[in-house]
Protein chains: 4
Amino acid sequence: MTATLSLDQLNSLPAPAFAAALAGIFEHAPWVGEAAAAQRPFATIAALHEAMMTAVYAAPRETQLIFLRAHPELGGKVARAGTMTAESISEQGGLGLNKLSDAEFDRFAQINAQYRGKFGFPFIICVRRQTRDAILDAFAQRVELGLDAELTTALEEISHITRLRLVDKVKGDGAPKTEGRLSTHVLDTYTGKPAAGVTIQLYEVGSSARSLITEVVTNHDGRTDKPLMSGGPLRAGTYEIVFAIGDYFRGKNIQLTKPAFLDVVPIRFGIAEPEGHYHVPLLATPWSYSTYRGS
Amino acid sequence: MTATLSLDQLNSLPAPAFAAALAGIFEHAPWVGEAAAAQRPFATIAALHEAMMTAVYAAPRETQLIFLRAHPELGGKVARAGTMTAESISEQGGLGLNKLSDAEFDRFAQINAQYRGKFGFPFIICVRRQTRDAILDAFAQRVELGLDAELTTALEEISHITRLRLVDKVKGDGAPKTEGRLSTHVLDTYTGKPAAGVTIQLYEVGSSARSLITEVVTNHDGRTDKPLMSGGPLRAGTYEIVFAIGDYFRGKNIQLTKPAFLDVVPIRFGIAEPEGHYHVPLLATPWSYSTYRGS
Amino acid sequence: MTATLSLDQLNSLPAPAFAAALAGIFEHAPWVGEAAAAQRPFATIAALHEAMMTAVYAAPRETQLIFLRAHPELGGKVARAGTMTAESISEQGGLGLNKLSDAEFDRFAQINAQYRGKFGFPFIICVRRQTRDAILDAFAQRVELGLDAELTTALEEISHITRLRLVDKVKGDGAPKTEGRLSTHVLDTYTGKPAAGVTIQLYEVGSSARSLITEVVTNHDGRTDKPLMSGGPLRAGTYEIVFAIGDYFRGKNIQLTKPAFLDVVPIRFGIAEPEGHYHVPLLATPWSYSTYRGS
Amino acid sequence: MTATLSLDQLNSLPAPAFAAALAGIFEHAPWVGEAAAAQRPFATIAALHEAMMTAVYAAPRETQLIFLRAHPELGGKVARAGTMTAESISEQGGLGLNKLSDAEFDRFAQINAQYRGKFGFPFIICVRRQTRDAILDAFAQRVELGLDAELTTALEEISHITRLRLVDKVKGDGAPKTEGRLSTHVLDTYTGKPAAGVTIQLYEVGSSARSLITEVVTNHDGRTDKPLMSGGPLRAGTYEIVFAIGDYFRGKNIQLTKPAFLDVVPIRFGIAEPEGHYHVPLLATPWSYSTYRGS
């Protein structure tokens, strides 16, 4: 998705050009852009997105189903074959869904088949807002829903997907919120000062494995120079921040037992709001600590 | 170590019978018991143990070295061959050191050889006071010591080993402390009440794996009916208590996000004093928690 | 209330003697004891009390009102004149209501008059379960109620008063709960140990003044040798525990600023359940502390 | 101290005019400015101040004593008579030392006399960095010192006084730090959100009384729109922040007991570094809270 457009440009294009410019946002559904074209000008990108989603919600159910059926399967054959839209490729690639092992591919194929068999359209989820484990959990939960409830859920995911695509593609006023943030700080309540120089690792925690996302060291204010995660929606899922607090206190010449009562402190937490701000601090002495969702 | 003796009996036995009765405590070293025999009566088991250790410390270095050399190697051929003393078999078996895989056996053999090559006696450690990982850490640290320092360390371990054996074998007044305790409790600071019905798992955390020690559920007072570990020395090492606090709050009909901010809370901590009391509580709301070494 | 009776004795006395023995419990209302006499034997003191209260609740409203009117006014002329029953004297004396200053006497007289003018009976409250300020607060709230609601409230207070009197007078199985408890402990999370030697003051906090209830020093376990309050119902009201944590840390040769960030830590809290257990601990470093209602 | 100067101006004035311009900084001591004049230009205001203090420290002891003797007594006759320098009037007035009651005036007169009798010069302290109680504490401590130690202390206070005066009078680069800050925030760990709308009172706590400094309400981020204290040095002393957390939770329709376990939470703390940043947050549920010196 290389080229970007301005909201001003979009407001002044002829209707067909307007719809064409936004063709990649709602896949294989030019009628969405066409419906929105009539309501121009839009004061904000958020208003443009709302108009497009209104067109989707207002469409007859059969049209909605055709629209959903035109989406690629997650980790499916289309992904492997390389025939997805550029937007889908970019999104699924972020989770590695286009590079599944044979076993994983088989698993996705199986649950995709189960889901499609029940609802008649592929499982759609905004992958940029989810960890891989969260996607599998959602699969398991949503396949149990009734058609009406699941149709509603699928369209909510369409709304998330297209909101992100629109914000990527269009620059201008009033962009809807698409960024979340995870931050931390470490306070040394033994000396009453911010804890500088603490090594921090952030992991994504899956049901079968955990993967390191970043490793940083706290600055003089006990914070990290930039958020642990930012720049887009957070992926809903389970995480763990691991604080090397034992090394920190030993570095202050505070005598700890061997092994230390507290050496490596893991804080495990869930992120449920991809556009939220999660501040997860650690207050620690060699013998105690606390954490909380802060602000 | 089936039969037990009373301190009164030991105080009144003829000297040779006294030494014979205690033969299993200091392995292959009847001279220790003989030296202690002359100082009877002992008012306490602790005094008896101190007298025996005094005899060891007072012996010429060459005698000490012979004494140390008579001990079996940890996880060594003697263990496999089944020719250890009953006491050694019981102790090493607790860690599974008599049932090592071929690879593990080779690793122990290699570090045993390195250690013996440097010091001329086998690596001795009170295995009942250590996790397997702590033993390997001690191996790595102690092989770097000089002979004098390591001889002192080895005799301290002999003191721990024999204190435990003596308390197992002799009943009477004034037993030295040989028991530690790990306890917990969960306080729900959302409702201001003890958290009943919280599932708790205790793990031993090794460098490469973790093993479940126990799983319990808190009672109406937010505590466990018996300590998480007790009845003997704690094994020095690293542990993790995992509290299923998300399930607890959901069970109270408190609405949590999906995933919950706090679902499964791990508290990782080290135990350095096998005869100490470690109380590791959790104070939690759905959005915060704290822990500390309590009393 | 010097003499005590056993439940066994009460169960076997002739009915008139039974009623006479309990005459002081429900003031000037021998009919209560007479009604209960017929239901003997009672397996527990709680059952006896319940039977007597059932008689009160079953009485015609006019009888209930006569019964309530026979009670002395709090801090009233009867108290000064010394013509209350022994039980009332003992109870009101605990709060000093029989020794009011002229100004206080006038204030009580005024609100008593207001209350009696509205409801036709004196304000009744179980003074042993309330601080003086809590009584004044209750006065202010209850005088706003309607007659039905206030009659219910007054009879609940009668139940509390008579439960306490009965437990004082009768010994035997199954006494209803009449004791609360306030306890604390201090944990030094700087060194990971119970804080021994901390001076603690407990104050009752009134709207205009605070009065010292007790001053104690923590023992080696960071606790007090006996609860801060116990041996009867707690008085509902507002309290403050003041911990001299600065002196404690200075005594450990920990260097604090001048003035210390934390010197004297006040924890203010309310007690609402006179028969409850309130555990109010302090976890502190020189730079942080926390407290909670524990168990 | 109406007119201000720029550092550039000061660097370019003739020496006598330079000394005259700074005459009010070091009272009745033109030689200080004269000594500094020779070292111009100064790159920063801090360097200018350092040069002036160097002149003071380098002066013969007799000159230092004459200099100290020329200062007015705190709360003394000169203050009442209105003959202090404008700078001294402004500073002492901030604490109300120019409007003492007769009794207070007598007390200050007595300790001033005691101090002057011992050292031969008036008690000097930077009143803008102290509460009234802290000044009285300092009086009591410093009068016990030996002459050398007290002379050093008095000159340190001169340094604080003149640094503040200089920063008030001269604008330019590199002003030395003269401002401290007290801030707070309230986190509701019951709902995992910043606590908005909490009424907060800040008191200065003296040995005999407490005085309200400010009352504010937390904003949507659980913070106050501006710091509780800022804009100059903090006054070293003891403070209390009182958080109306009971009203906050009741306002959220959370049912509390009567009285609430936590209603009004006082956090008492000392400020020792007038130019420091003190962040004193509250993390609270209806049943627990914690605080710490944050950053």
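This is a predicted model, so every value here is computed, not measured. So that the names make sense, note that chain A is the first sequence line, chain B the second, and so on, each numbered from 1.
Taking non-hydrogen atoms and a 4.5 Å limit, the residue list of residues 189-197 of chain D in contact with chain C is empty. Contact annotation for residues 137-149 of chain C against chain D (heavy-atom separation below 4.5 Å): no residues qualify. Below 4.5 Å, heavy atoms of chain C meet heavy atoms from D:T257, D:K258, D:P259, D:A260, D:F261, D:L262, all part of residues 248-262 of chain D.
By the side-chain hydrogen bond (donor to acceptor under 3.5 Å, both in side chains) test, D:E204 pairs with no residue at all, sequence neighbours left out.
Only the side chain of C:Y278 comes within contact range of chain D, with at least one heavy atom under 4.5 Å from a heavy atom of that chain. Looking at D:L283, there are no atoms closer than 4.5 Å to chain C (heavy atoms on both sides), in backbone or side chain. Of the two parts of D:V264, the backbone and the side chain both hold a non-hydrogen atom closer than 4.5 Å to a non-hydrogen atom of chain C.
Counting heavy-atom pairs closer than 4.5 Å to chain D, the top-ranked of the candidates C:P286, C:S290, C:G270 is C:G270. Contacts with chain C were tallied for D:G237, D:A272, D:G246; D:A272 has the most, counting heavy-atom pairs under 4.5 Å.
Residue D:E50 places its CD atom among 12 or fewer non-hydrogen atoms of other residues, nucleotides or ligands, all under 6.0 Å distant. D:R210 CZ: more than 12 foreign heavy atoms inside a 6.0 Å radius. Atom NZ of D:K177 sits in a crowded spot, with more than 12 heavy atoms from other residues, nucleotides or ligands closer than 6.0 Å.
In this structure the side chain of D:F269 never reaches within 4.5 angstrom of the side chain of C:W287, judged on heavy atoms.
When every heavy atom of D:Y289 is checked against every heavy atom of C:P266, the shortest pair comes out as OH-O, 3.9 Å.
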